[in-house]
Amino acid sequence: MRPTELPGASLTPEEIAKRASGRGSWHRRASKPVSYWMFGVIIAILVHRFIPKGGWLIVHMVTLGLITNSILIWSQHFTEALMKIKIPDSARGIQVTRIFALNGGIVLLMAGMILQDLMPQFYPLTVVGALAVGAMVAWHGYALLRQVKQALPSRFGATIRFYIAAAFLLPVGAVLGAMTALPGLRGTLHSQFMLAHEAVNVLGFVGITVVGTLITFWPTMLRTKMVENALGTSVRALILMCVGVGVTTLASLFGMRPLAGAGLLVYLLGLLIVAWVMVRTLRTKRPTEFPPMSVGAGFIWLIIGVVWTADLVFTTPFEELRMSEVTPIFVAGFLLQVLLGAMSYLLPQRMGGGPAVVRASNKEFSRLAAGRVTVVNLSLIIFMLPNALTGSWVKVAVSAVGALGLASFLPFMVRGVKASVNTRKEMMAARARGEKPAPVTEVKQEPVNHTRQTLFGALAVILALTLGIAADPSSVGFNFIGGSTATGTGQTTTLKVKATSNYRFTPDTAQVPVGNRLVIEVTNDDQGMTHDLTFANGAKTGTLNPGETKSVDVGVVTSDLEGWCSVAGHRQQGMVFHVKTTGNNLQANGHHGGGSGGNNGSNGSGTNTNLLTAQNANIDMHASPGKDHERRDPVLRPVPAGEKRDGKTVHKMTMDVQELDREIAPGLDVKAWTFNGSYMGPVLHGKLGDVFEITLENNGSMGHSLDFHAGMVSPDNTMKTIAPGEKLTYRFEATGSGIWLYHCSTAPMSLHMAAGMYGAVIIDPPNLEPVDHEYVMVQNETYLTDTGQTAADGNKLAEVSSDGIAAGTPSLTMFNGHATQYVNQPLEVKTGERVRIWLLAAGPSKGMSFHVVGSQFDTVYKEGGYLLRDGRDPYGETGGHSQALDLDSAQGGFVEMQFREPGTYTFVNHRFAEMERGAMGKIKVTDK
């Protein structure tokens, strides 16, 4: 046969791949989800801040998407290879179907978790996804069990049985994971389930599978033989690991913390036995390529993670146990490094093509091996250092470099694939020319300087560390705001503090030796509201969502210092933290570390004397609103049809909370907190007996709530504060007529209302007579301070001030959320037409005396009853009219009148100080 007639000589690599069948073809098809998840992780890292549960999503895209898929593929591969099993091609379709069904379950699970974070009703979707994942992995374990039973006896049969045992652990872990996601499950029980979940899934399913594989895979990657007694020793170690997982899981579920810690120590003993076998193997051959370097580093981090977890379990009560502390160790240190190392070795083998092709591909996969491994592991070491030693910017910088080190696998994988294809082409071309390829042993390998690579990797991390220190000097003891630790003691005081639902820090005082550096770890235990901790010297945690923990480096403390929650109004509620120094001051004036001064900001954060008035803000009370302001239509819309349910009319509405800049006077915007995007929420309209179902969606940055005065419901659940990203449905039946206030009931309520979180519900009285025009006027007042900023529309930007509210002098008093909108755009009626104006004094503190200049009211309705009706008083006497309707804060009613002559009539709050702050408008009356 001539060289050109060699089988496959005229085929391209793509055609060869298409003709492949059996294990190689199955492997390529089954591995596709791994590639998809790899790119998905990268995208999730970039956008996770904009996705609910973004951190959880990234972790589970790695553990479920990448790791679980890889385990199913490689455990099948090693089972066939070690047990010398020949799977018929007809059975491969079922294996691929199982893997794609697994990924369907993973997607359902993740969708359920994200959606239930918005609406708890989606929890069943999470459960279905978890059960699907567990079922597919259990099916995989059953399939392996059948294959082992049908295979010939092999000395590796014991290790394969650990694959099977690990596969049957995952369904248990999936159920435990679904329990941790149960809405409302928090505190001690949640921590118990979380520890059990991670013990079963990470240490059991993944850990046992990985260690079982390393028994044979570790010497294979090193290209050496197994050491004596390696198999028997490792099997005994795996038994200890299984026992440790079982003990930890059961002890966690029953709240037996010391026993759970003991189980982790048993597991650790098994790991250390395997580690000794791996070290003995290293004596025969040192790692020179990326796969064993990465896998070996990952195994070390597994040991560190187990030790760290055991220490947490032994020293921390369940109610304070936070497994997220060890998540970076297990995900970045152990799982990703083992996965990328294994893929770097196995992908060239699976692409095949002969020793020369595999070697060419291996070379690309292992480029810069020592440098890449150094970058990842040194970055992780610095990231895991205590917060007292590293600032947040340091962690951001080194984690970015470490992530790049992990992501470098992708370009080298592409290079490896190209090298495999190109080498195949060269060999095929050589055969076509009748040339004999050089023996593999004669292919020259370029010498690799691992020491230089390690040095460059370390320098990259040091550069990131330097940039982090430059951005956050306090990370190495410098506080440019409050001084330097050069004059301090060199010691650090650390403290754990909780932000609680009663607007308090627990503890609320820290005793710090003068000259010590102070680092505080703050956990938000308030499940309905965001908090933070801000100090007078500028140190702060940043926003803490419910359940979140962050640290603040206060710097060197040389005098007493005050901190507070800077969320609007929380400081005024008593949410203050005191730092008390002990010993002699290093600086008499206390410059180092800052004093106890206030915050120059406002929005409830501290004292601010820059309160705005119409005069010092240069507001023209007769000017038109800005061109971008849309006048609030004062017309009361008819009662909507609603839904018919159980004989009642049901009105459904969503109240979307957003924090937006809104104009409230000509040339002046306020940092408003809004319902459905408007300063002052929508007006709801119904009849007696109607049911209202209002869904509150909190898309703001702090906790908010609703209180409908029109309903008679228990406030415990319906009026509770919900955290950002949460939803709550408020249901009430209209049992009384009148105009009713609704508002945000989150403390301080005065601040939330003055920022725009109020509105009206109108329930028509029985037999209400029709009129020609029906309007709504809701009065509120606000208390403002100048931010010194300019809004997007060019107006001055103000924000609500708690100090102004306490002082009691409003900056503006308005109808329907704007001070002048009805002055230059009046209400329009004709002579003789009957006009009804619904009125509500929303407050938060001021009432009104409503009067229309030049007119009188022949009908007055106040707080559920008529004072006058068609000129008759309650006793039937005729001829009476009213000049004003007096309403205190949160009271409402309506007035009716007819205009006899054309002209322009002004309506005012006859408490003239409020009129001069904006509580006025005009009615233009023309002849019929």
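By convention here, the first residue in the shown sequence is residue 1.
- A donor-acceptor contact under 3.5 angstrom links the side chains of Thr549 and Thr523, judged on distance only.
- There is a side-chain donor-acceptor pair under 3.5 Å between Glu659 and Ser701.
- Gln658 and Trp673 form no side-chain donor-acceptor contact under 3.5 Å, judged by distance and modelled atom types alone.
- Residue Phe314 places its CZ atom among more than 12 non-hydrogen atoms of other residues, nucleotides or ligands, all under 6.0 Å distant.
- In summary, the side chains of Asn545 and Thr530 do not present any donor paired with an acceptor at a separation below 3.5 Å, with no hydrogens or angles considered.
- Atom CG in Asp525 sits 12.0 Å away from atom CZ in Phe505 (nearest 0.5 Å).
- A donor-acceptor pair under 3.5 Å is absent between the side-chain atoms of Asp311 and the main chain of Val307, judged by distance alone.
- With respect to Asp661 and Lys671, no salt bridge is recorded, no charged nitrogen being found less than 4.0 Å from a carboxylate O.
- In this structure, the separation between CG on Asp553 and NZ on Lys540 is 14.5 Å, given to the nearest 0.5 Å.
- A salt bridge links Arg571 with Glu562; the closest basic N to acidic carboxylate O contact falls under 4.0 Å.
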(request) Walk me through it: do Asp532 and Ser566 pass the test side-chain hydrogen bond (donor to acceptor under 3.5 Å, both in side chains)? (result) CA-CA 6 Å; Asp532 69 8; Ser566 69; 2.5 Å; yes

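- Results of the side chain to side chain contact (heavy atoms under 4.5 Å, CB included) test with Leu268 over Leu302, Val306, Leu203 single out Val306 as the only residue that passes.
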(request) For Thr327 and Met323, run side-chain contact (heavy atoms from CB on, under 4.5 Å): C-alpha distance rounded to whole Å, both residues' side-chain angles, the deciding distance at 0.1 Å, then the answer. (result) CA-CA 7 Å; Thr327 296; Met323 295 302 297; 5.6 Å; no

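- Ring geometry for Phe365 against Phe409 counts as tilted: the plane angle lies between 30° and 60°, on a 0 to 90° scale.
- For the residue pair His531 and Asp526, a side-chain donor N or O sits within less than 3.5 Å of a side-chain acceptor on the partner.
- The six-membered or imidazole ring of Tyr345 lies near that of Phe217, with a centre-to-centre distance under 6.0 Å.
- Residues Lys550 and Thr541 share a closest heavy-atom pair of CD-O, 3.4 Å.
- Residues Val557 and Arg517 fail the side-chain proximity criterion, which asks for heavy atoms closer than 4.5 Å.
- Scanning all heavy atoms of the two residues, the minimum distance from Val34 to Ser70 falls at CG2-OG, 3.9 Å.
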